[in-house]
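Here's the structure we're looking at; comments come further down.
Only heavy atoms go into these numbers, but all of them, side chains included; no hydrogens, no water, no symmetry mates. Proteins come first, then strands; the chains are lettered A, B, ... in the order of their sequence lines, and each starts at number 1. Just so we're clear, the structure is a prediction, and the values are computed from it rather than from any experiment.
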Amino acid sequence: MSATRLSYAAAACLALENAMRDDARVIALGEDVGRGGIFGQYLGLQEKFGATRIIDTPISESTIMGAAVGMALSGLVPVVEMRVADFAMCAMDEIVNQAAKARYMFGGQGRVPLVARLPIGVWTGSAAQHSQSFESWFTHVPGLVVVTPATPQDNHDLLCAALACGDPVIYMEHKELWGLVDEVTPEARLPIGVARTLKTGSDITLVSWSRTVHAALEAATLAAAEGIRVEVIDLRTLWPWDRDAVLASAARTKRVLVVHEAVQVAGFGAEIAATVAETLGVRVKRLGGLRIPVGYAKPLEDEARFGATEILQSIRAFVA
Amino acid sequence: MSATRLSYAAAACLALENAMRDDARVIALGEDVGRGGIFGQYLGLQEKFGATRIIDTPISESTIMGAAVGMALSGLVPVVEMRVADFAMCAMDEIVNQAAKARYMFGGQGRVPLVARLPIGVWTGSAAQHSQSFESWFTHVPGLVVVTPATPQDNHDLLCAALACGDPVIYMEHKELWGLVDEVTPEARLPIGVARTLKTGSDITLVSWSRTVHAALEAATLAAAEGIRVEVIDLRTLWPWDRDAVLASAARTKRVLVVHEAVQVAGFGAEIAATVAETLGVRVKRLGGLRIPVGYAKPLEDEARFGATEILQSIRAFVA
Amino acid sequence: MTTAPGAGDSCPDRLFGDVGWRFDALKPHAYNCNVVQNPAPSPAPTTKLTLDTALVLYQTMARIRAFEDAAEEASRGGVAVFGASLTDAKVRGPLHLSTGQEAVPAGVCAHLHRDDAITSTHRGHGHTIAKGASIEQAMCELFGRATGFNGGKGGSMHIADFSVGMLGANGVVAAGIPIAVGAAHAAKVLGRDTVVVCFFGDGAINRGPFLEGLNWARVYQLPVLFVCEDNRWSATTATDKMTAGAGALSRAQALDISGTTVDGNDVFAVYAAAGDLLTQVRLGQGPRFLHAVTYRVKGHVSVDAAQYRSPAEVQRALAHDPLLFAREKLQALGATSSRVAALDTAAREEVAAAVRAASAAPWPTAAAAFTDIQDLGAAQFR
Amino acid sequence: MTTAPGAGDSCPDRLFGDVGWRFDALKPHAYNCNVVQNPAPSPAPTTKLTLDTALVLYQTMARIRAFEDAAEEASRGGVAVFGASLTDAKVRGPLHLSTGQEAVPAGVCAHLHRDDAITSTHRGHGHTIAKGASIEQAMCELFGRATGFNGGKGGSMHIADFSVGMLGANGVVAAGIPIAVGAAHAAKVLGRDTVVVCFFGDGAINRGPFLEGLNWARVYQLPVLFVCEDNRWSATTATDKMTAGAGALSRAQALDISGTTVDGNDVFAVYAAAGDLLTQVRLGQGPRFLHAVTYRVKGHVSVDAAQYRSPAEVQRALAHDPLLFAREKLQALGATSSRVAALDTAAREEVAAAVRAASAAPWPTAAAAFTDIQDLGAAQFR
Ligand SMILES: Cc1ncc(C[n+]2csc(CCOP(=O)(O)OP(=O)(O)O)c2C)c(N)n1
Ligand SMILES: Cc1ncc(C[n+]2csc(CCOP(=O)(O)OP(=O)(O)O)c2C)c(N)n1
Ligand SMILES: [Mg+2]
Ligand SMILES: [Mg+2]
């Protein structure tokens, strides 16, 4: 297999390019995709596939998503660009009541194979309306798949899997990972729903996803220096999520710390913690975002972020 | 204090009528409110207060909610009728990015005192797009208050409190409680954020809200016959939620079962279970809705419902 | 009734029974059981109305009327919308009747091929039947039976028959508009020669997706006909009081989508207007708009007595009932009243048989609550 | 700069400094520090342009231009939108400049009283300044300081000064439309005699809230002036390719909202047109619409080089720069070039002082991250 160094954005772009080459049903639609998308995640694709398949759209989120539902029901596999997850608020009926429901509600007469890209996360200086993470919301909605890649390779592999999934996928890239560069093997494939254990350890299981995975790894390394052996699991997909991997690790370490950037209250960490506590009765802790809007000024924005230091503190307190 | 027998719908109507009489800033807007609302929850109010204060609107959910934000910023206290929570999907930007954010985002220059009524729950024969419960979503959004009354008295008292709250309240009545009749004392007042212990017991704490409270009580009575002493807590409001009441009870019973109708995955039960497990390390279980859309036919709809029997089973399994 | 959900055979023979003429005489490509991938462009519709055409249009209306009369009957006590308590009615939950509005779906869908698509509203029985779906399977769906189009998962508000291109009723006002536009967009991208008809109510034109969807259709020049069924009411609210400007058509025109306003209770007028517009759509001229003025004779849902309306208004509408009106016209065209009565009788018999079949049809199993949701992730998961 | 956030004093004296004439000469009620609860209806605006008026309009534009030039300078390296890496620039995050579009807010807001309200967009500096907000506090907000209007919580995309009726920039396209309509509705319900101006871009007219909000304003006959700042671009996309029909004004007209199209780079034309329309609005005639054709000279955000546009197009716009154009007109009206230059100098000096003040201003404390969210429920709650 050939490996090449690609950014998180370019890795997804490559996955999409290959899918579009292999399958004429795959198209993409959204604002500014023709010039490559504002994060470069569609760079060069309109030149390669034309404006009929890389479709520039009006600023009409409801109809971008709603039309994609109609397209998917009619034989296309649309990639739906929402720019940032915050703007998907303008298309929630189309996501929740239409895309997620159509297959069931019509008794299996149709399917809605689409991939809705909803970039998440705090984004420097972008404040309250461009910094939100809604992953737990979508796990709550029957019919939806929820994917949250943390690395260029996973962004490539999981986008391939999402395009082949056959059901609506809420695909959540992190806005501060676009520039992350790493080795990518374009031939690699990965099923949705399988976590990856990035580091084994016997004292505590650290479960995370998306950007926070990198801080979790860093914290694990720092903890190792203190003699705390941390097992780090990147969940990668939140629906379905890899219960087996988490429970197996939890059964060994007896301590599970879930770490995520999204607001902790009613975040997906609650689901994992509750599941682990219910199933194994082992000790659980969460470290998630504070229940605050993201402020503009750095001192305010900083309160909505946390990194390896805070994770390390949680680890220490937990194993103490 | 004078008590009178009122339905859940009429109790809320009375609270609103009194608030409108006392405070000229209180108004209501939404589809069909002029004829009393489709559930009778505005019955007689347009006759009493005129069409300027009980405002019939076009079918424009985005603007019903968005205009309410503008009204609230300009000195009114709007009650925003969304008919069923499912249709609030058409107004999510206005709820999440505008109503919930304006106070913070503008640095406290304005406030958004509004009460958005989003009726929740499975509704007989109404299928996938008219039966959803989204309470956990709104608890995840900083800036919002979330209220879920279970009785006529609470619907009266909590609507009074919501109208006085000064911040945006997501007020979630249950569609299958509208007809529930009980004694209502119109002078009673209740702060937001205080749970009620409906039944004390030492073996297990049962936490619930909204319609499911009634099934929980029934299950507790059945359990008592088997010698299981169940403590039943009606949370009443989900943000803020009465952690102290739940934790105090959990510390005594050492077992917490959270029961709610909404989909269990990433439901608010996960937040409670995670909090209890983190804080006390006591055993937790959840019984929530299955992760399925609500089907139309009775055998399908029944799978999206559960009652005292299933709760009793969970109680039995838990204390076994 | 043993057909599996979604596998409905709705060829004209079985659908329309032996009524003395061939449906094919009217529309050569219509309801062709083999999906026509690239039909030749339709000829310009003949504005001269033949008796055969007129009778087919009347028949469609009679079948819709009979279907809804029976559904209403079967729904008594089956809904608790306005506080009424529930019985074990055969049809449960909200039932939105299109009684008095039959001319619109009948006149429009008569021009459609089987592989053309439509999207519908919460008030979708007429669209479903006019597009060629089986009355029996439709009744089974309203009865919540496994043999219904949706296997009992949808009911009246979500009725759909993808096998005839009926892409679904929708419980959210205006939600069908972007979906229709997307279906038309797919047809264009995939090089298909089909069109899409998008039905919606007069209340829907005040929701954002109306603007967005129409703009979209015009920007990409999509093959879609928008049909506004203007029945003057939006639930309990008179639509005109909530609607700025001259209404649906002028909004479409401001988006450079041309169209026509038509008497929506005159099936022949609807047929002629829709034919003209659909010819333009089929010729690749982009979207078109049909504003059909009709009236909602019943309440918003079956349990709504609609006492907020003046009886005189309802009386006026009843006097201009589309079936009544068509009967007069048929007489003028030379149809004997017994020939027309035979259509009514046949429709009622077809529906009565459907009610019998639906009553006897099996319920979906509880296990069906966990199928057709999504491939990944267990549905029973708690 | 020690004023607390939100307590900004923006009376004309301090705002405009000693520039030789009184702002009051132009607008008797404008920026009155005591909120005027029930101002007398405005007289019909005089179309005859006095030199004083012309100079005030020019001054507003010069102040906006100077502000944005400085903000742009301070933002270099402060945004990572297109993959650029971050430095510790004074202004961080997306910065949307309205350079070249100054004539629209200047010409419109000159007619507004302090208690009239406006809603704005992501591109809101011009609206903020034209409505009378302090340049210093605005710069503090862009610098993320505690002394900014929003206490550093909002930044450029959410800048607001409620004390002068500027109800906020908004990061969501078209989101200001329903809010403006609601503010106007409140004014009507509360019997206030104020108006609301709602600014939005040409791209916003394709979002649903545009239809819903305009329909709403006309249905309730609300005192609101809609102003479409048509700068031809929506981020990296040419708006006309995505817009069906003749555009903004014709859509408004289809909703029975009348209005005017104006050269949005001619501040005097904008002033005249807005004056006429606002008079009608103040007389209770309902909503009106102003379509101002201008051009976005810079990229979509400050880091966007906008290489997707033809240089010729940009050159044409630069040649019709609103300040350049106004200077010629001022000369014709008899203003000496030194008098005009003095306005430019004063504006640059005012802005330079604001930059100095903002640079020295305190940061918000971390504790401020937990205030102004909501009264109930602890914010630090995890
Ligand atoms: C977004 C949304 N808002 C409100 C409703 C409730 N509702 C159902 S039908 C209806 C009236 C629709 O009026 P119109 O579009 O004219 O269709 P008609 O019922 O007259 O056929 C309303 C308000 C809904 N289903 N969806
Ligand atoms: C609902 C929504 N969709 C997309 C965006 C991203 N976005 C920000 S500004 C913009 C272009 C807006 O164009 P226009 O309305 O013409 O305003 P202009 O930027 O030209 O002033 C876009 C697409 C957004 N902020 N909100
Ligand atoms: Mg109607
Ligand atoms: Mg623009």
Sequence neighbours excluded, which residues qualify as side chain to side chain contact (heavy atoms under 4.5 Å, CB included) partners of D:Ala184? D:Val196, D:Leu222, D:Pro223, D:Val224
Note: D:Ile205 and C:Leu211 closest approach over all heavy atoms is O-CD2, 3.3 Å
So what's closer than 4.5 Å to chain C heavy atoms on D:Ile257: side chain, backbone, both or neither? neither
Go through chain C and chain D and list any donor-acceptor pairs closer than 3.5 Å, backbone and side chains both.
from, atom 1, to, atom 2, distance (Å)
C:Asn206, OD1, D:Asn215, ND2, 3.2
C:Gly208, N, D:Glu212, OE2, 2.8
C:Glu212, OE2, D:Gly208, N, 2.8
C:Asn215, OD1, D:Ala244, N, 2.8
C:Asn215, OD1, D:Arg251, NH2, 2.8
C:Asn215, ND2, D:Asn206, OD1, 3.2
C:Asn215, ND2, D:Met242, O, 3.0
C:Met242, O, D:Asn215, ND2, 3.0
C:Ala244, N, D:Asn215, OD1, 2.7
C:Arg251, NH2, D:Asn215, OD1, 2.8

If we define contacts as heavy-atom pairs under 4.5 Å, which of C:Ala244, C:Ala254, C:Gly245, C:Gly208 has the most with chain D? C:Ala244
